[in-house]
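Beneath this line is the structure, given in structure tokens, with notes to follow.
Values reported hereafter were calculated over all heavy atoms of this structure, with side chains retained and with hydrogens, waters and symmetry mates removed. Chain naming here is simple, since letters A, B, ... match the order of the sequence lines and numbering starts at 1 in each.
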Amino acid sequence: MLDPALLRGHLADTARRLAARGYTLDTAAFEAIEAERKRVQTETQELQNLRNTRSKAIGQAKAKGEDTAALMAEVAGIGDRLKANEQALADVQERLAALSLGIPNLPHESVPVGGDEHANTEQHRWGTPRTFDFTVKDHVELGAHKGWLDGDAGAKLSGARFTVLRGELARLHRALAQFMLDLHTQEHGYLECNVPLIVNSDAMHGTGQLPKFEEDLFATQVGETKRYLIPTAEVSLTNIVRDDIVEADALPLRMAAHSLCFRAEAGSHGRDTRGMIRQHQFEKVELVSIAKPSESFDEHERMTRCAEVVLEKLGLPYRRMLLCTGDMGFTATKTYDLEVWLPSQGTYREISSCSNCVDFQARRMQARWRNPDTGKPELVHTLNGSGVAVGRALIAVMENYQNADGSISVPEALRRYMGGAERIA
RNA sequence: GGAGAGGUGGCAGAGUGGUCGAAUGCGCCGGAUUCGAAAUCCGGUUUACGGUUAUGCCGUAACGUGGGUUCGAAUCCCACCCUCUCCGCCA
């Protein structure tokens, strides 16, 4: 959620900055509803004030044993008027909230302006894609060996975009997650967390999945209670500080979790249907930082580096992209994507996304810290990044480390998690 | 799933219809005392929203959540959520 003061005081400028990311803010509608809100709220508060003072007078009169009939008559009509006003206020505030909750974050000034991914700018590359002296196979062909990667079984059990992993490949997948979590918790200073995969509606509103993107989520309903499967552990980790006031010396609060993620992938029909690039269920090691506002952009660089180190230790060539205004997610003010080299596609594919959301999620969550300079609770900044997507990392390892005979070499960093194995075959 | 107890400020804990945003204690901040400290004493110490002739002032709201009764609700009524204890079940 944007700062309401920004919308009230700098509406035209805010609309212009939102337009850079392809969002059209209906300023006339906003101004109309905001004017109504102000009028109704002022009226309501005046009525409440009147009722309070009159009621207090009645109490004092009764205490003195005086007759209260005149006072009672005076206050008679207030109740109904007040009730009507309070209802009107609730209505207008609900409409205002619906509008506000649907407005995306403002892009940071360092973000290039552009409509889609073609305007993203490459920041740097690491590693050199390997040259093969045989015809490379993609991960689906490699995975067909020994039933390692079985899309048909996944479809039988659940439908499209589900996969069964078996044998040494399943073990390699697990090794990747273990390796990443160990790296971030033991070397990068993140606190290991194990979090709920099913969360309530408040949590989904806090990090911005709701109310706008419900169709992207899997939901559960038990009795009257509707809950949602997390599309990323960002939801669980970030909402830990919802409604909290964090002490200054606890910041930055760095948390990491290995979790399952569930995405409905509505609107992705036909994209990446082959293999396990885009699944309804996948695993990810997620990094979340809760930071002081003055430190969040430094923290963003640091977090992105933590993700890059994963790929470097795995020996996977990648590049860092700075997303343009039109390609960023709803909550982000600035996002770096890491793209890993996939030999079968001859291109780089997204494997991590690291975003600074500044106070956008914090305002929705009422997540604050106590600023020692002011003594007041102020909104924190929240950041999240994949460090990294486990399923896509598996694909990258399979394809980049494949051998002519269809076996797959195990990257040095993973061998201790694979009982020392140098290759799987 | 059954039975019971309970949810009040940073914490503990009073308050069962009226001047209660809420006693008291602890903690915290400032001051006095002191060579300094402890102890003691004095004062201060929630948050959100709105207004404003803004480093202040005024108003409104908030005692788990949502409704209801009432001129007036932390207090009475209803529903729900959560926590704890015991029993059952279960990984």
Contact state string [nucleotides 45-60 of chain B, B base, S sugar-phosphate only, - no protein heavy atom under 4.0 Å]: --SSSSS-------BS

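Using Watson-Crick or G-U wobble geometry with both donor-acceptor distances under 3.5 Å, B:A73 finds no partner in any strand shown. The pairing partner recorded for B:G9 is none, the criterion being a Watson-Crick or G-U wobble arrangement whose two distances lie under 3.5 angstrom.
Judged by distance alone with a 3.5 Å cut-off, no donor-acceptor contact links the side chain of A:Lys56 to the base of B:G18.
Nucleotide B:A61 holds its C1' atom 10 Å from the CD atom of A:Glu86, rounded to whole Å. Atoms CE (A:Met72) and C1' (B:G18) sit 12 Å apart, rounded to a whole Å. Atom CD in A:Glu247 sits about 17 Å away from atom P in B:G27, given to the nearest Å. A:Asp243 has its CG atom 15 Å from the C1' atom of B:C81, to the nearest Å.
Annotation: B:C80 and B:C28 have their C1' atoms spaced 37 Å apart (nearest Å). B:G72 and B:A61: their C1' atoms are spaced 16 Å apart (whole Å). When the P atom is compared between B:A22 and B:G9, the two are found 14 Å apart, to the nearest whole Å. Between B:A39 and B:A32, the distance separating the two C1' atoms is 14 Å to the nearest Å. With both ends at atom P, the span from B:G1 to B:G68 equals 29 Å, rounded to whole Å. Here, B:U8 and B:U75 have their P atoms 14 Å apart, quoted to the whole Å.
For B:A5, the O4'-C1' to base torsion is more than 90° from 0; the nucleotide is therefore anti.
Of all heavy-atom pairs between A:Thr331 and A:Thr207, the closest is CG2-O, 3.3 Å.
The aromatic ring centres of A:Phe218 and A:Tyr228 sit 6.0 Å or more apart.
A salt bridge links A:Lys284 and A:Glu286; the closest N-O separation between the charged side-chain nitrogens and carboxylate oxygens is under 4.0 Å. In this structure, A:Glu265 does not pair ionically with A:Arg161, as no charged nitrogen and carboxylate oxygen lie closer than 4.0 Å.
With contacts defined as side-chain heavy-atom distances shorter than 4.5 Å, the pair A:Leu260/A:Gln281 qualifies.
In this pair, A:Trp148 and A:His145 present their aromatic rings perpendicular. The plane angle is above 60°, beyond the 30 to 60° band. Ring planes of A:Phe162 and A:His280: tilted class, angle from 30 to 60°.
Applying the 4.0 Å criterion to OP1 and OP2 of B:U69, one finds that A:Lys83 has a side-chain N or O inside that range.
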